[in-house]
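Just so you know, residue 1 is the first one in the sequence shown, and it goes up from there.
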Amino acid sequence: MATPGPVIPKVPFEPSKPPVIEGLSPTVYRNPESFKEKFLRKTRENPVVPIGCLATATALSYGLYSFHRGNSQRSQLMMRTRIAAQGFTVAAILLGLAVTAMKSRP
């Protein structure tokens, strides 16, 4: 009885290249976007989100500054304001997603 030799599996695709799937384009855009171009496009699509992010960062910064200075009442107010700004930002993101989903419907 002969022993079988080592089995060498056939590689389904070249590991150094991504697999090619018919009808699927890896990117929606023909030219790759730079960070600045993508940021500006996303800001134009949903301008409320950067405003909410800026409000969150401002409330956090001022709240930490107040905490450092010993003004605990102002610090607590700013931390509560930060929570409200974060909620506003999350709501803006969800609203933007809903609007985008409605636009893409035929």
Side-chain angles (χ1 to χ4, degrees):
M1 189 167 180
T3 59
V7 177
I8 302 172
K10 293 184 180 180
V11 179
F13 59 90
E14 182 65 33
S16 63
K17 297 178 184 175
V20 177
I21 301 172
E22 289 183 36
L24 179 69
S25 175
T27 60
V28 176
Y29 303 101
R30 300 272 182 223
N31 300 328
E33 293 178 292
S34 68
F35 176 79
K36 181 179 177 183
E37 291 169 340
K38 185 174 182 179
F39 178 77
L40 290 174
R41 179 177 57 84
K42 293 284 189 178
T43 301
R44 273 187 246 111
E45 288 174 4
N46 196 354
V48 184
V49 173
I51 293 169
C53 291
L54 186 62
T56 301
T58 302
L60 176 65
S61 299
Y62 189 62
L64 289 173
Y65 174 75
S66 296
F67 180 74
H68 179 70
R69 301 287 274 169
N71 190 348
S72 62
Q73 286 182 336
R74 176 68 64 182
S75 176
Q76 283 294 315
L77 177 66
M78 286 297 105
M79 291 302 114
R80 291 182 182 127
T81 304
R82 176 188 58 88
I83 298 298
Q86 280 179 306
F88 175 78
T89 304
V90 170
I93 290 170
L94 293 176
L95 185 65
L97 286 172
V99 169
T100 303
M102 293 303 222
K103 281 184 184 177
S104 65
R105 276 188 158 172

Quiz item: NZ/Lys42 to CD/Glu45 distance, rounded to the nearest 0.5 angstrom?
Solution: 5.5 Å

Only pairs under 3.5 Å count here: list side-chain donor-acceptor contacts from residues 68-75, not counting sequence neighbours, and write none if there are none.
{"from": "Arg69", "atom 1": "NE", "to": "Tyr65", "atom 2": "OH", "distance (Å)": "3.4"}
{"from": "Asn71", "atom 1": "OD1", "to": "Arg74", "atom 2": "N", "distance (Å)": "3.3"}
{"from": "Ser75", "atom 1": "OG", "to": "Gly63", "atom 2": "O", "distance (Å)": "3.3"}

Exercise. Identify the two heavy atoms, one from Glu37 and one from Glu33, that lie closest to each other, and give their separation to 0.1 Å.
Key: OE1-CA, 3.5 Å

Quiz prompt | Where Thr89 and Cys53 come nearest, the two heavy atoms and their spacing | solution = OG1-N, 3.6 Å

Practice problem: Kindly write out the residues that satisfy side-chain contact (heavy atoms from CB on, under 4.5 Å) with Val90, not counting sequence neighbours, or none if the list is empty. | Solution: Leu94

Quiz prompt | Contact list for residues 47-59, test side chain to side chain donor-acceptor pair (under 3.5 Å), sequence neighbours left out | solution = none

Quiz item: With Ala59, which residues qualify under side-chain contact (heavy atoms from CB on, under 4.5 Å), at least two apart?
Solution: Thr81, Arg82

Self-check item: For Ile93 against Asn46, the heavy-atom pair lying closest together
Solution: CA-ND2, 4.3 Å

Self-check item: Co-members of Phe88 in a cluster of I, L, V, M, F, W and Y side chains, linked at under 4.5 Å
Solution: Val48

Self-check item: Reported OG-to-CD distance for the pair Ser66 and Gln76, which is rounded to 0.5 angstrom
Solution: 11.0 Å

Quiz item: If you group Ile, Leu, Val, Met, Phe, Trp and Tyr whenever their side-chain heavy atoms sit less than 4.5 Å apart, what else falls in with Leu60?
Solution: Leu64, Met79

